[in-house]
Amino acid sequence: TLGDRVVVGTGAAVLGDIHIGDDCRIGANAVVVKSVPANSVVVGIPGQAILRSKRHDASDPPDFQHALMPDMIGTSLVALLARVEHLEAQSVKPPPHLPTPDQNGIWHGEDFSI
């Protein structure tokens with residue numbers, strides 16, 4: 001069931017016995033598989049509901065600003081990259097390089113005792 005003033009983007013799929021609340025936006029090609037609260041934006045596969053930071057009311061004009069949809073994958077990637085960078089900055093330096101034989105099986109470097 002679609003609530004009042006719901007905008008559904010091209011190619012979106014709303015599957016199952018679910019309710020889409022009033023003033024929601026469903027992004028193009030989103031796959032909605034669970035109910036969505038009012039004043040939300042849904043993007044992705046499966047659809048992820050994000051509550052609007054600025055409410056959309058009945059007196060507002062229709063919400064056709066499709067270019068202003070959130071980028072959930074991009075946001076997640078930026079957060080992951082920042083986390084990896086933080087962890088790498090904290091990591092312990094690797095041990096010094098251990099000697100290995102060359103292509104002919106000859107060891108080079110310090111004297112080795114047997």
Side-chain angles (χ1 to χ4, degrees):
T1 304
L2 297 180
D4 293 333
R5 297 169 306 281
V6 172
V7 175
V8 180
T10 303
V14 180
L15 306 173
D17 183 20
I18 59 177
H19 177 77
I20 308 298
D22 295 344
D23 298 298
C24 284
R25 291 176 61 196
I26 310 296
N29 295 316
V31 178
V32 186
V33 294
K34 58 186 175 183
S35 292
V36 178
N39 266 298
S40 295
V41 176
V42 181
V43 293
I45 302 171
Q48 301 295 313
I50 305 162
L51 288 174
R52 292 176 186 249
S53 57
K54 180 180 180 282
R55 278 186 69 82
H56 187 268
D57 295 314
S59 61
D60 294 336
D63 193 356
F64 295 127
Q65 300 296 325
H66 299 298
L68 300 178
M69 298 297 277
D71 180 4
M72 295 301 296
I73 294 174
T75 301
S76 297
L77 282 175
V78 168
L80 272 173
L81 290 171
R83 177 73 176 149
V84 167
E85 186 175 308
H86 175 73
L87 289 172
E88 286 178 345
Q90 290 182 338
S91 70
V92 177
K93 298 288 183 200
H97 178 69
L98 299 174
T100 57
D102 66 14
Q103 295 171 342
N104 299 321
I106 308 292
W107 291 80
H108 299 275
E110 300 293 322
D111 290 338
F112 299 101
S113 57
I114 299 177

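These numbers were taken from a predicted model, which means no experiment stands behind them.
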If you compare all heavy atoms of [X] against all heavy atoms of [Y], which two are closest, and at what distance to 0.1 Å?
X	Y	answer
Ile18	Val33	CG2-O, 3.9 Å
Pro37	Leu51	CG-CD2, 4.0 Å
His19	Ser35	N-OG, 3.1 Å
Ala49	Val36	CB-CG1, 4.1 Å

Task: Sequence neighbours excluded, every pair satisfying salt bridge (charged side-chain N to carboxylate O under 4.0 Å, His left out) that has a member inside residues 4-13 - done: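 Qualifying pairs, neighbours excluded: Arg5-Asp23.
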Open item on the list: Could you see if Val42 belongs to whatever hydrophobic cluster contains Ile45? Use Ile, Leu, Val, Met, Phe, Trp, Tyr and a side-chain cutoff under 4.5 Å.
Closed with: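 Not linked; separate clusters.
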Task: Non-neighbouring partners of Leu2 that pass side chain to side chain contact (heavy atoms under 4.5 Å, CB included), sequence neighbours left out - done: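 With neighbours one apart ignored, the set is Val6, Val8, Ile20.
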Open item on the list: Just checking Gln90: does its CD atom have more than 12 heavy atoms from other residues, nucleotides or ligands closer to it than 6.0 angstrom?
Closed with: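 Yes, the 6.0 Å shell around CD holds more than 12 heavy atoms from other groups.
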Task: Reported SG-to-CG distance for the pair Cys24 and Asn39, which is rounded to 0.5 angstrom - done: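 Those atoms lie 7.0 Å apart.
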